[in-house]
Every structure is written in structure tokens, then in C-alpha cells.
Amino acid sequence: MEIDAVDTAPGKVDADLLAFAVPDPVDLPPIAQEIDGLLEGELRHLIEDGELKGKLGKTTLAHTEGRLAAHRVAAAGVGSPGDLDADSLRTAAAAVAIRAGEVGGRSVAWILDGESSTLSAAEQARAIVDGTVLGPYDAGRWKTGENDRRHAIERLVFCGPGASALAEDAERANVVVSWTNRCRDFVNAPPNECTPARLAEWAEETAGRFDSLSFEALGPDEIRSAGMGALAAVSQGSDNPPRLIKLSYEPLGAKGDLVLGLVGKAITFDAGGLSLKPAERMEEMKSDMGGGAAVLAAVGAIAELGLPIRLLAVVPSCENMPGGHAYRPGDIITALNGKTIEVTNTDAEGRLILADALWHVRQSGATHIIDLATLTGAMVVAMGDYYAGLFGNDEDWLHTIREAAEASGDHAWIWPLHETYRRYIDSSFADMKNSSEYRQGSPILAARFLEEFVGEGPWAHMDIAGTAYLERGRGDYYDCGGATGYGVRLLSELARRLSAT
Ligand code: BES
Ligand code: MN
Ligand code: ZN
């Protein structure tokens with residue numbers, strides 16, 4: 001999407017739709033009153049007739065008939081002023097973008113509400129970019145007909161007094177959400193297309209686009225001979241070979257000694273292995289690579305933005321399948337750090353592949369680690385589709401991440417990780433086991449398991465099982481099911497904050 005930010009008077013801006021926010025109960029902001037003047041009171045009439053409302057996500061269109069340079073105006077409901085936050089604007093912008101597509105429009109201009117809002121103009125602009133790009137995302141790439149396909153907005157303009165100052169923030173958000181949609185493409189892709197080898201290819205293509213990035217991937221023999229016994233064990237049941245995908249980002253002028261380690265779970269299909277999952281909705285387990293895809297896309301976004309921070313990204317990728325070569329409940333495996341693990345459930349595979357990746361990224365020099373993983377079904381039950389669970393060993397690091405998360409629109413909530421949970425994974429035979437027989441605290445014991453492999457230094461784990469992939473739309477700017485690209489905005493914002501200090 002192309003972005004413009006111009007100080008031009010809204011009446012003079014050429015676009016398919018010229019949008020502005022209206023609150024509920026409906027009340028035209030000063031700029032909309034000016035537009036209403038140009039439209040000879042048409043907006044007032046729509047309000048009197050009860051057609052123009054401020055309900056969140058409702059968009060009302062009026063034709064300008066040449067009285068403005070734009071073809072239509074769009075009154076975008078943002079809901080009650082007391083509830084207004086960046087997500088309200090994302091939702092309103094998404095509704096406008098989808099409506100634009102329905103009337104054949106490809107360009108949208110927005111007038112920002114300078115005075116009456118609790119959000120800064122820059123925050124408003126970023127939220128509108130997010131909603132405009134994420135809202136009309138089309139998950140139906142495999143449909144052969146044109147019916148009910150959605151179309152992306154090709155040009156977004158911010159206009160009105162002072163709008164030109166928003167250009168940089170808006171363009172940065174644009175880069176991040178375009179990578180977010182690329183992430184969604186991979187998570188939505190079927191598991192017969194999106195294999196570990198295909199993910200590695202994508203990482204290699206990304207690295208080829210930026211001099212600051214270098215790519216490396218290990219195949220099955222290298223994984224085993226490197227001592228990554230946990231990743232090797234999970235992989236061995238599948239005919240699609242695993243990859244340990246690595247991207248390193250070394251920008252010119254990187255600040256300080258910080259090396260940000262990014263780790264993402266990329267199980268391209270989780271059948272559960274011999275601890276086979278039930279058939280119902282098993283197809284959704286194509287999304288079990290959501291953490292890995294978010295890491296790869298975030299590295300792309302950060303490289304495109306040229307942020308001055310060092311990154312090491314490690315994405316372990318394989319399938320978790322049953323079969324004659326599959327690993328078994330009862331197997332005892334040795335992870336890269338030498339610790340032994342009794343496998344008590346082959347469906348608790350994410351923590352195994354992450355174990356090797358976490359240790360590897362720390363050994364490779366990461367000072368601060370964050371991992372993203374669709375790790376536990378209990379996280380979906382506990383927090384639903386809006387907040388991811390955040391765990392870690394360092395209060396400062398957790399709060400830094402939590403603040404970046406909230407600012408980015410990828411929401412996160414801090415969970416406890418007390419030492420007493422260690423007993424849940426005590427094994428009679430090995431250093432630990434990978435699951436517990438008790439149905440208690442499953443997201444926490446999974447995080448506690450990972451902690452065994454993070455070495456010295458700050459580490460945080462995000463369980464994104466509920467937020468990475470939606471069973472159904474959320475009724476906001478993610479209004480249809482499928483991948484959200486959770487984590488791309490968060491990691492980009494985290495990198496921006498770390499590189500700015
Ligand atoms: N990938 C799943 C977790 C998951 C479930 C993500 C539903 C998204 C939606 C993970 O590998 C898994 O199977 N976890 C098990 C662990 C259990 C066997 C200890 C779970 O949470 O049920
Ligand atoms: Mn599983
Ligand atoms: Zn899984």
C-alpha cells in the first residue's frame with residue numbers, strides 16, 4: 001500500500017472514500033461539520049433520519065456529487081468516547097477499508113481527530129494503517145472464483161492541518177503490517193504447501209533482499225549430529241524433513257551489546273504424533289507454526305525498517321506425525337544442553353523443539369531472548385483470542401515486552417512462573433518429563449519446562465495458542481477466522497524500543 005500524508009484541506013483530497021471518526025452517541029466533530037457544510041447539510045440529514053450512527057465498526061457512506069474532490073465520504077463509527085482506544089480506531093479503519101472494497105474503491109483518505117481524542121495523532125495514524133491493511137486481508141487465496149474475495153487498499157492518505165508530520169509513523173506501521181499479512185499467508189497456507197523446507201525457503205528469500213541479513217538452515221542429519229536430540233525426535237515420524245532455520249541481522253550502527261534472540265515454534269502440522277489428536281478441528285493444527293512465522297516476518301520488517309539492533313532468530317520447524325518411525329511415549333531423549341527428557345506425551349512436542357532452539361540461540365550469543373509458540377490448548381481456554389500469556393525469568397524484561405505488546409496491538413498478559421511448578425515435570429527416570437498426568441497449570445508447567453533450556457540471562461516466553469489463529473472472527477479488525485500474524489507487530493515494536501534507547 002502506498003501512503004501519503006499531506007496538509008491539504010480534506011475537501012480537496014482526491015480519494016474513493018474520505019473518512020472521519022464519529023462517536024456514539026453521534027456527534028459530528030468540527031472537521032466533519034465543515035464537510036457537512038460542503039455537502040449542504042447531507043450528513044445532518046443522515047443523522048436526523050437515524051442512518052448515520054457512531055456505533056463501533058459501522059460505516060455510513062454519502063456521495064459527494066463533485067462537491068468534494070473525494071467521491072464519497074465515510075462516517076466511521078468508533079463507539080463510546082469512554083471506551084476509545086487504538087483498537088477502536090483499528091476496527092473503524094478496517095470497516096472503512098472493507099466497505100471501500102465493496103463499492104469498488106481502492107483509495108482511502110482519513111482526517112484525524114486532533115483535539116478531542118485521548119490518542120496522539122501519531123498513535124491514531126498507526127492504528128488506522130493497521131486497520132486499513134489488516135482488515136481487508138483475504139484468507140481465501142485458494143478459492144478459484146472471484147466471489148466474495150476481498151481487495152486490499154492500494155493508497156492511504158492522511159490529510160488536514162498537520163497531517164504531513166505523520167508520514168514517518170504511518171510508513172513504519174505500513175511496513176510492519178505488510179509483513180504481518182505475509183505472516184498470515186504462511187500460517188493460513190495448508191500443511192501440504194507450508195512444509196519446513198518451504199518456510200526455510202521463505203527465510204532465505206527474505207535474507208536475499210537485505211544485505212544486513214544472513215540465512216542458514218540445518219537439515220535432519222545436521223540437526224542430529226549437532227546434538228539437537230529433542231528436535232530430531234519430534235521430526236523423525238514425518239517424511240517431510242525438518243529444518244532448523246536461522247536468520248541473523250547485523251545492521252550498520254547497531255547499538256550497544258544487546259543481541260535480541262528470537263525463537264519461534266514452527267510445527268507445520270501437529271497431528272499429536274502417537275498421542276494422536278482427535279479428528280475434530282485437527283486441520284487447525286496447520287497453524288502450529290504461527291510463532292515461527294511471526295519471528296521470520298518480524299525479522300523481515302525490522303530489516304526493512306533498518307532498526308539498529310542485532311538479532312539472532314532461530315526457528316525449529318518440523319511435522320509432528322504418527323508412524324513407524326515416530327518417537328514414542330516412554331522414549332528418553334537428550335536435548336542439546338545435555339539434559340535428558342522422558343517423553344510422556346508426544347503431543348507436547350512444541351516445548352521439545354523449543355528446548356534445542358532456546359539453548360542454541362543463547363549459545364550463539366543472544367543476551368535477551370523471547371520465544372513465541374502456540375504451545376498449549378489451555379491457554380486458549382484461559383485467555384481466549386485477545387491476550388497472549390507472557391512468562392519469564394526477569395521482571396524488567398517482562399515489563400519491557402508487555403509495554404511493547406500493548407502499544408503494538410498484540411496484547412499480552414503476564415503469568416506467574418513460580419519454582420514450585422518444577423515438581424510437575426519431575427520424572428522417575430530422566431532429568432524431567434515433557435508433560436504431567438495432572439490437568440493443572442498446563443501453560444505454566446510448559447513455560448517452566450522451557451526455562452530448563454534458556455541458560456543465563458533474561459528470557460520470556462509467549463504462549464500465543466489463542467491469539468495466533470482464530471476459530472472465528474473477533475468482531476473487530478480481525479473479523480474473520482484464520483491467522484492474525486500475532487507477534488509481528490509486537491516484535492517490531494519491541495525492537496524499535498530497544499534500538500531507540
Ligand atoms: N499445538 C498444541 C497446542 C494448541 C492447541 C495450540 C490448540 C492451539 C490450539 C500443542 O502442541 C499441544 O498439543 N499441547 C498439548 C500439550 C499436552 C499434551 C500436555 C495441549 O495443550 O493439550
Ligand atoms: Mn501438540
Ligand atoms: Zn503443537
Side-chain angles (χ1 to χ4, degrees), residues 187-188 191 194 196 199 230-231 233-235 237-238 242 263-294 315-322 326-331 341-357 371-389 391 415 421 424-427 432-450 461-472 481-484 486-487:
V187 178
N188 284 329
C194 182
L199 270 184
L231 174 57
V234 178
S235 320
S238 171
V263 172
K265 171 180 174 182
I267 295 288
T268 58
F269 187 68
D270 182 11
L274 290 172
S275 312
L276 192 64
K277 287 183 181 295
E280 197 188 337
R281 296 227 299 266
M282 200 202 264
E283 72 280 5
E284 292 182 354
M285 281 300 116
K286 69 177 181 180
S287 66
D288 211 17
M289 30 62 74
V315 174
S317 184
C318 68
E319 283 187 328
N320 186 26
M321 299 289 272
Y327 77 137
R328 293 154 288 250
D331 283 1
I341 306 161
E342 181 196 2
V343 177
T344 49
N345 190 320
T346 64
D347 199 11
E349 83 297 339
R351 61 202 72 179
L352 295 173
I353 69 168
L354 290 170
D356 286 339
D371 76 70
L372 270 65
T374 47
L375 207 60
T376 65
M379 182 54 68
V380 192
V381 176
M383 310 217 45
D385 56 15
Y386 198 68
Y387 281 88
F391 307 78
W415 281 51
Y421 291 102
Y424 284 176
I425 52 169
D426 287 348
S427 159
M432 71 198 87
K433 58 189 179 188
N434 75 332
S435 76
S436 150
E437 64 275 34
Y438 306 113
R439 296 187 60 220
Q440 291 182 349
S442 153
I444 305 179
L445 84 85
R448 184 59 193 80
F449 179 95
L450 296 178
H461 156 63
M462 299 197 70
D463 193 333
I464 63 170
T467 53
Y469 188 89
L470 308 178
E471 293 166 21
R472 69 196 102 81
T484 60
Y486 184 98

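Here, residue 1 is the first one in the sequence, and each next residue gets the next number. Both counts, for ligands and for their atoms, begin at 1 and track the order of listing.
Side-chain contact check for Lys286 versus Thr268: every heavy-atom pair is 4.5 Å or farther apart. Side-chain contact between Val343 and Lys433 is absent, with no heavy atoms from C-beta onward closer than 4.5 Å. Residues Ile425 and Ser436 form no side-chain contact, since every pair of their non-hydrogen atoms from C-beta on lies 4.5 Å or further apart. The shortest side-chain heavy-atom distance between Phe269 and Glu283 does not fall under the 4.5 Å cut-off.
When the N, O or S atoms of Asp270 are ranked by distance to the Zn ion (ligand 3), OD2 comes first. When the N, O or S atoms of Asp288 are ranked by distance to the Zn ion (ligand 3), OD2 comes first.
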Evaluate the side chain to side chain contact (heavy atoms under 4.5 Å, CB included) criterion for residues Phe449 and Leu354: first the C-alpha distance (whole Å), next the side-chain angles of each, then the deciding distance (0.1 Å), finally the verdict. CA-CA 10 Å; Phe449 179 95; Leu354 290 170; over 6 Å; no
Stepwise side chain to side chain contact (heavy atoms under 4.5 Å, CB included) check, Glu342 with Asn434: CA-CA 6 Å; Glu342 181 196 2; Asn434 75 332; over 6 Å; no
Given side chain to side chain contact (heavy atoms under 4.5 Å, CB included), test Tyr327 with Glu349 step by step and report yes or no. CA-CA 10 Å; Tyr327 77 137; Glu349 83 297 339; 3.5 Å; yes
Working note: Leu375 + Ile464, criterion side chain to side chain contact (heavy atoms under 4.5 Å, CB included); need CA distance, chi angles, decisive distance, verdict. CA-CA 7 Å; Leu375 207 60; Ile464 63 170; over 6 Å; no
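Of all the atoms in ligand 1, the ones that sit under 4.0 Å from a non-hydrogen atom of Thr374 are 1 (N), 2 (C), 3 (C), 6 (C). With ligand atoms numbered from 1 in the order given, ligand 1 contributes 1 (N), 10 (C), 11 (O) to contacts under 4.0 Å with heavy atoms of Lys265. The Ala465 neighbourhood of ligand 1 comprises atoms 6 (C), 8 (C), with distances under 4.0 Å to a heavy atom of that residue. For ligand 1, the atoms closer than 4.0 angstrom to any heavy atom of Thr376 are 3 (C), 21 (O). Of all the atoms in ligand 1, the ones that sit under 4.0 Å from a non-hydrogen atom of Arg351 are 16 (C), 19 (C). Those atoms of ligand 1 that come under 4.0 Å of a heavy atom in Met285, given as number and element, are 1 (N), 4 (C), 5 (C), 6 (C), 7 (C), 8 (C), 9 (C). If you number the atoms of ligand 1 from 1 as listed, the ones under 4.0 Å from a heavy atom of Glu349 come out as 11 (O).
Taking all atoms of both residues into account, the shortest heavy-atom contact from Met321 to Ser238 is CG-CB, 3.9 Å. When every heavy atom of Tyr424 is checked against every heavy atom of Leu445, the shortest pair comes out as CD1-CD2, 3.7 Å. Scanning both residues, Val187 and Gly290, for their nearest heavy atoms gives CG2-CA, 3.8 Å. Taking each heavy atom of Cys318 and Pro196 in turn, the nearest pair found is CA-CG, 3.6 Å.
With a heavy-atom cut-off of 4.0 Å, Asn320 does not touch ligand 1 at all.
Residue contacts with ligand 1: Asn345 is placed with no nitrogen or oxygen under 3.5 Å of a nitrogen or oxygen of the ligand (distance criterion only). Considering backbone and side-chain atoms together, Ser442 places no N or O closer than 3.5 Å to any N or O of ligand 1. Taking only nitrogen or oxygen atoms, main chain and side chain alike, Ser435 does not reach within less than 3.5 Å of ligand 1. Considering backbone and side-chain atoms alike, Val380 places every N or O at 3.5 Å or more from each N or O of ligand 1. Residue contacts with ligand 1: Asp288 is placed with a nitrogen or oxygen under 3.5 Å of a nitrogen or oxygen of the ligand (distance criterion only).
Around the Mn ion (ligand 2), the protein atoms of type N, O or S that sit closer than 2.8 Å are Asp270 OD2, Asp347 O, Asp347 OD1, Glu349 OE1.
Between the side chains of Asp385 and Thr467, no donor N or O sits under 3.5 Å from an acceptor N or O.
With Ser275 as the fixed residue, the side chain to side chain donor-acceptor pair (under 3.5 Å) test singles out one of Asp347, Asn320, Thr346, Thr344: Thr346.
Lys277 counts as a contact of ligand 1, since one of its heavy atoms falls under 4.0 Å from the ligand. Ligand 1 lies out of reach of Met379, whose nearest heavy atom is not under 4.0 Å from it. Ligand 1 does not have Met289 within reach: every non-hydrogen atom of the residue lies 4.0 Å or more from it.
In this structure a side-chain-to-backbone donor-acceptor pair under 3.5 Å is missing from Asp463 to Gly389.
Nearest to atom 22 (O) of ligand 1 by heavy-atom distance, out of Ala373, Ser275, Gly377, Ala446, is Gly377.
Taking 2.8 Å as the criterion, Lys265 counts as a coordinating residue of the Zn ion (ligand 3), since one of its N, O or S atoms falls below it. Coordination check, Glu349 versus the Zn ion (ligand 3): passed, since an N/O/S atom of the residue sits under 2.8 Å.
A salt bridge is defined here as a Lys NZ or Arg NE, NH1 or NH2 lying under 4.0 Å from an Asp or Glu carboxylate O, and Asp371 with Lys265 fails to meet this definition.
The protein heavy atom nearest to atom 2 (C) of ligand 1 is Asp270 OD2, 3.6 Å.
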